[in-house]
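What follows is a set of notes on a single structure, which appears directly below.
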Amino acid sequence: MTTEIFIIQELERYLKSKGISGIPITLQKPKEEKFGDHATNIAMQLAGKLKSNPRSIAEEICNFIETGNQYIDKVEIAGPGFINFFAAHENLYEQLAKILLLREEYGRGEIGAGKKAMVEFVSANPTGPLTIGHGRQAVLGDTVANLLEAVGYDVKREYYFNNAGRQMRILGNSVYLRYLEVLGQKIDFPDDHYQGEYIKDIARSIYETYNDSLKNDQDNPIFKDQAEQSIFEDIKKTIHRLGFEFDIFYNENSLYETGKIDQVIQAMDDKGFIEKRDGATWFLTTKLGAEQDRVYIKSTGEPTYRLPDTAYHIEKIKRGFDLMIDIFGADHIATYPDVLSALEVLGYDISKITVLIHQFVTLTENGEVVKMSTRKANFVTLDELMEEVGVDVTRYFFIMRQMNSHLNFDLSLAKTQSDENPVFYIQYAHARICSILSLADSKDIPVDQKADLTNLKTTEETNLIKHLIDFPNMVESCALNYTPHRLSTYLFELATLFHKFYTECRVISDDMELTQARMALIDAARTIIANGLKLLGIAAPKQM
RNA sequence: GCCUCUGUAGCUCAGUGGAUAGAGCAGUGGCUUCCUAAGCCAUGUGUCGCAGGUUCGAGUCCUGCCAGGGGUACCA
């Protein structure tokens, strides 16, 4: 039982006694200390309903609920009718002890227990190395998955890809042309082909194996296949370096092989949403209120992305997930509504599908915008970025901003001023704690599980405790609202509170009781920082 | 044109319909016989793009407008 839960129960008891229902009880954390630890606006919400003024309702509530116990110290009415609750310290200590008991498990929840979730992200076709744009999506997807796991879901990370089609043909031909170049032929390399240096590397490795035996064999699948294999290997290495693995690589091609694509067309036709026109097959989205119809199969016989995507989502639904998350970049914002509406036409429940859109990363270096494109060669790869600034900084930068804001990644700043980065500030708090604990250890002062926590009385100490015990709420809120960036903000604030505590309160002193209590406190802080950083995929170093 | 994201301090950005809108960076000045100064403290900065509306209460929700990003292909 926490103070928060106690307050909510008391307020529910009050509403019940008045025979009121349908009023949501919301607690908020006041920004200022003088307004207590929790506040509710319920009196103001009730004012209209009870035809009374908020302050007198608030007074009635204050008299109704029990105070002076282990949960609430006192209650005050303020402003237009806020009821401010001051948490009893007893409960703070109780929650703090819980952190030390549960350790790595503290912050984990049960909301998703027994449910299966899948997060589909990155999903870049194997035409080139992962770029910084993919990096944001990779970190976002992995962190969302971590958060869902933390609240109990069984989560699969899935990468959907297509190794057929026009782009892949161009990729194969790009390799072929570079291969001819290796053979000393002068070639005319088209603009729409893949310009990157990695294409030349692949061509050279083909030359090393086959010499010039393929020079008149432009259509040999070896060019595309070698490129795909080599590029995919690199992509997997990059992902591994970023600190996670995909559970499933789902090949779009399998949907053709098993006839799933044809089944979608057939089913859509049965519902009357298909029409052949101008040699193409159309999805009649105008029947659903759209401005124009969309092409399913081009006159060349090739499907557009909508068709396989729809088949893929049907498969996802059939695989029995309770929650399906798609993560797309802003350039795909127009692609998913067609897929979802097709699923609805076919009678599938799309309420379990959540589409998260993230905005682009703008890369700047020396104040200038660096344009990124896979086909043109002037991109900075995710690998190069990690090389420059490290994995921890990379992950932190990508997660620290809300996903639908445009992320400005200042490369020169990340390179040259990385020691002023907030991620080091958080890691430093962790390292400092480890340092104190190891010093205590060398003096034969162990962390005592039975330390008397009521010795923690200063403002710095109680502020730190209050923030620490908010961690489970934070994790749950970040997971359910898909706001992973808030976890980074939370950890930054936690580090601030710890550094302030460190400055004001000496941990190891002659007062053994106080020393033990403070060691318990910093041990709890270390645990929360480590748990939080783990969710972000960032290391918690013991020393820096 | 239509759809969509964004607009908050000099810069980069937080901000769950609540109380006097915050942090980092940049600037200035201070703090270390003592557990890591990668730290702490002090100092100043706002037409929350503009105009209406809803509400007891709006940076937050709604409408319109302005500016920027991204879509609006028989590309993905």
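Fair warning: this is a prediction, and the values are worked out from it, not measured in the lab. Proteins get letters first, then strands, A, B, ... in listed order; numbering begins at 1 in each.
The residue A/K34 sits close to a base: some heavy atom pair falls under 4.0 Å. Nucleic acid contact class of A/A431 (heavy atoms, under 4.0 Å, all strands): base. No engagement by A/E493 is indicated, since no non-hydrogen atom pair under 4.0 Å with the nucleic acid exists. In this structure, A/C434 reaches neither bases nor backbone, as no heavy-atom distance under 4.0 Å exists between it and the strands shown. A/A47 comes within 4.0 angstrom of nothing in the nucleic acid, heavy atoms only. Within the 4.0 angstrom heavy-atom criterion, only backbone atoms of the sugar-phosphate kind lie near A/T489; the bases stay farther away. Among the atoms of the strands shown, none is found under 4.0 Å from any heavy atom of A/N53. In this structure, A/P308 reaches neither bases nor backbone, as no heavy-atom distance under 4.0 Å exists between it and the strands shown. Residue A/Y502 is classed as a base contact, given a heavy-atom separation below 4.0 Å to a base. Note on A/Y425: only backbone sugar-phosphate atoms sit closer than 4.0 angstrom, heavy atoms only; bases stay farther off. Nucleic acid contact class of A/S299 (heavy atoms, under 4.0 Å, all strands): base. When heavy atoms are screened at a 4.0 angstrom cut-off, A/N84 is found touching base atoms of the nucleic acid. When heavy atoms are screened at a 4.0 angstrom cut-off, A/N41 is found touching base atoms of the nucleic acid.
The side chain of A/H332 places no N or O atom within less than 4.0 Å of a non-bridging phosphate oxygen (OP1 or OP2) of B/U4. A close approach under 4.0 Å does not occur between any side-chain nitrogen or oxygen of A/K29 and OP1 or OP2 of B/U16. At least one side-chain nitrogen or oxygen of A/K298 sits closer than 4.0 Å to the OP1 or OP2 atom of B/C75.
Side-chain contact check for A/Q359 versus A/L407: every heavy-atom pair is 4.5 Å or farther apart.
A salt bridge links A/E60 with A/K18: the distance from a Lys NZ or Arg NE/NH1/NH2 to an Asp or Glu carboxylate oxygen falls below 4.0 Å. Salt bridge absent: A/R306 and A/D309 never bring a charged side-chain N and a carboxylate O closer than 4.0 Å.
Between B/U16, B/A37, B/A76, one nucleotide has an atom nearer to the side chain of A/R432 than all others, and that is B/A37.
B/C61 and B/G53 make up a base pair, with Watson-Crick or G-U wobble contacts both under 3.5 Å. In this structure, B/U20 forms no base pair with any nucleotide, since neither Watson-Crick nor G-U wobble geometry is met with both distances under 3.5 Å.
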